[in-house]
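Here's the structure, in structure tokens; my notes come after.
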Amino acid sequence: MVGSLGDAPILVTGASGHVGTNLVQMLARKGHAVRALVHRNTLRLSEPGVEIVQGDLLDLGSLIHATSGVGTVFHTAAHISVSPWEWRQDEEINVLGTRHLLDACRRNGVGRLVHFSSIEALVDEPFDTPVDESRPLAERRGYPPYARSKAAGQRWVEQAYAEGLDAIVLHPTAMLGPGDSRLGLPNRGLLALYCGRLPALVEGGFDWVDVRDVAAAAIRAAAEAPAGRRYILSGHWVSLRDIAVLMDEMTGRRITRPVCPMWLARVGAPFATVFGQLTRRQPLFTVDSLRPLRSNPRISRDRAGRELGYAPRPFRETVADTLAWFQECGYCR
């Protein structure tokens with residue numbers, strides 16, 4: 001498998017999601033036959049060679065059908081949540097759904113699985129050393145439900161590898177960039193800043209990576225990485241305050257945004273969570289979303305750099321392209 005993606009169709013789960021959309025486009029433009037698995041047919045692609053199939057990670061039969069005749073599977077589908085009341089969906093989709101997909105891959109003799117985990121699936125302590133691929137999984141209580149569910153799903157992937165399935169695991173950080181029709185939390189926060197809908201900032205920051213760099217690295221890893229390998233795909237650690245300054249510089253605006261200390265944000269987060277439950281809208285700031293903002297800022301992408309030639313583009317370029325995409329889609333009207 002190493003060295004080529006082969007001629008068999010390539011399946012992308014979660015194809016209407018942020019990284020899934022970018023992967024489908026890149027693979028199709030490289031001439032691969034792509035099967036795009038979506039839960040609901042919301043995918044809009046004009047790329048030739050893309051077959052859209054509907055399926056459900058909780059429906060094993062639909063996954064067996066989707067993986068039939070497939071050579072490589074990119075598993076991007078996940079339930080991404082910072083809302084503690086959504087722990088059941090985290091478990092169902094990120095753990096049980098992954099187990100169903102592994103079963104389907106084994107039944108159909110899939111050649112390689114590229115599993116998208118998360119940087120949050122890795123223990124970030126101690127802070128005095130960089131987070132790398134040797135860190136244990138964040139399986140203990142104290143980590144948010146989403147992090148634990150991604151760790152549990154990855155554990156099943158690693159067990160399947162030990163039993164003979166060719167699989168590799170990727171750990172991207174917070175992804176920004178175009179093509180995010182569902183507006184995940186990182187892009188939603190950036191949009192709120194851009195449109196002036198975020199009256200205050202919170203102390204702290206995160207490692208942000210361009211989704212296009214993640215997709216390109218995933219394709220190269222699928223073709224070249226040895227089986228069982230893990231790769232962290234990080235970008236640049238930038239504080240929320242510095243993102244706001246950069247955006248003001250790019251737009252020519254000067255918006256005064258007070259910076260809320262972390263302790264005060266943590267006091268207010270439960271109220272935002274309750275409001276989100278009542279309105280059925282996922283708030284930007286919850287207890288679970290604040291935790292990564294004070295996590296280990298030192299994240300090593302050395303292995304991906306050595307083995308995949310991975311080098312993320314400048315953060316400024318990512319922000320500029322994302323803002324242009326917001327404008328193109330009319331999100332600030």
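None of these values were measured; they are calculated from a predicted model.
Of the charged side-chain nitrogens involved, at least one lies within less than 4.0 Å of a carboxylate oxygen, so that Asp213 and Arg313 count as a salt-bridged pair. Between Glu133 and Arg306, none of the side-chain N atoms (NZ, or NE/NH1/NH2) sits under 4.0 Å from a carboxylate O, so this pair counts as no salt bridge. With respect to the salt-bridge test (charged N to carboxylate O, under 4.0 angstrom), the residues Asp103 and Arg107 qualify.
Put simply, Val169 and Tyr310 are part of two different groups of oily side chains (I, L, V, M, F, W, Y) that touch within less than 4.5 Å, one to the next. The same ILVMFWY cluster, assembled from side-chain heavy atoms under 4.5 Å apart, contains both Met175 and Val114. A continuous path of Ile, Leu, Val, Met, Phe, Trp and Tyr side chains, each step under 4.5 Å between heavy atoms, connects Val110 with Leu57, placing both in one hydrophobic cluster. Hydrophobic clustering (ILVMFWY, side-chain heavy atoms < 4.5 Å, transitive): Phe74 and Ile93 are in distinct clusters. Hydrophobic clustering places Val157 together with Val70 (ILVMFWY residues linked when any side-chain heavy atoms are closer than 4.5 Å, directly or through intermediates).
Scanning all heavy atoms of the two residues, the minimum distance from Val73 to Cys105 falls at CG2-SG, 4.1 Å. Contact between Thr173 and Gly235 at its shortest, heavy atoms only, is OG1-N, 3.9 Å. Of all heavy-atom pairs between His100 and Asp59, the closest is ND1-N, 4.3 Å. When all heavy atoms are compared, the tightest approach of Ala15 to Ala36 is CB-CB, 3.5 Å. Taking each heavy atom of Ala304 and Leu233 in turn, the nearest pair found is CB-CD2, 3.9 Å. The shortest non-hydrogen separation linking Ile168 to Ala227 is CG2-CA, 4.3 Å.
Between Trp208 and Leu190 the shortest side-chain heavy-atom distance does not fall below 4.5 Å. Side-chain contact between Val238 and Leu246: absent, with no pair of heavy atoms (C-beta onward) separated by less than 4.5 Å. Counting only heavy atoms from C-beta outward, the side chains of Leu183 and Phe326 approach each other to under 4.5 Å. Side-chain contact between Leu137 and Leu122 is present, with at least one heavy-atom pair separated by less than 4.5 Å. For the pair Leu63 and Thr13, the minimum side-chain heavy-atom distance is 4.5 Å or more. At least one side-chain heavy atom of Trp325 sits less than 4.5 Å from a side-chain heavy atom of Asp180. Using a 4.5 Å heavy-atom cutoff, the side chains of Arg303 and Asp132 are not in contact. Contact of the His39 side chain with the Ser16 side chain is not registered, since no non-hydrogen atoms from C-beta on lie closer than 4.5 Å.
For the side-chain contact (heavy atoms from CB on, under 4.5 Å) test with Pro186, the passing option among Ile80, Leu191, Leu176 is Leu176; the others fail. Of the residues Arg155, Arg148, Gln154, the one that meets the side-chain hydrogen bond (donor to acceptor under 3.5 Å, both in side chains) test with Glu139 is Arg155.
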Exercise for review: Using the side chain to side chain contact (heavy atoms under 4.5 Å, CB included) rule, take Thr72 and Leu11 through it: C-alpha gap first, then chi angles, then the decisive distance, then the call.
Suggested key: CA-CA 6 Å; Thr72 302; Leu11 176 68; over 6 Å; no
Practice item. Using the side chain to side chain contact (heavy atoms under 4.5 Å, CB included) rule, take Arg212 and Met26 through it: C-alpha gap first, then chi angles, then the decisive distance, then the call. Key: CA-CA 9 Å; Arg212 296 165 295 184; Met26 285 189 184; 3.8 Å; yes
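A distance of 4.5 Å separates OG of Ser234 from CG of Asp207, quoted to the nearest 0.5 Å. Distance NE2/His18 to CG/Asn187: 5.0 Å, rounded to 0.5 Å. Taking CG from Asp210 and CD from Glu317, the interatomic distance works out to 7.0 Å, rounded to the nearest 0.5 Å. Here the straight-line distance linking atom CZ of Arg112 with atom CD1 of Ile10 works out to 12.0 Å at 0.5 Å rounding. Note that CG of Leu102 and CG of Leu60 are 11.0 Å apart. Values are rounded to the nearest 0.5 Å. Interatomic distance, Tyr194 OH to Thr322 OG1, rounded to the nearest 0.5 Å: 11.0 Å.
Judged by distance alone, the side chain of His171 and the main-chain N or O of Tyr231 form no donor-acceptor pair under 3.5 Å. Under a 3.5 Å cut-off, the side chain of Asn94 and the backbone N or O of Lys150 do not form any donor-acceptor pair. Remark: the backbone N or O of Gly177 is not paired with any side-chain donor or acceptor of Asp321 at under 3.5 angstrom. Not a single donor-acceptor pair under 3.5 Å links the side chain of Asp124 to the backbone N or O of Ile119. A distance-only check finds a donor-acceptor pair linking the side chain of Arg35 to the backbone of Ala66 [under 3.5 Å].
Within a 6.0 Å radius of NE2 in His65, no more than 12 heavy atoms belonging to other residues, nucleotides or ligands are found.
Between His236 and Phe315, the ring-plane angle classifies as perpendicular under the 30° and 60° cut-offs.
Side-chain contact annotation: Asp90 with Ser149, donor-acceptor N/O pair under 3.5 Å absent. Side chains of Arg135 and Ser300: a donor-acceptor N/O pair is absent below 3.5 angstrom, by distance only.
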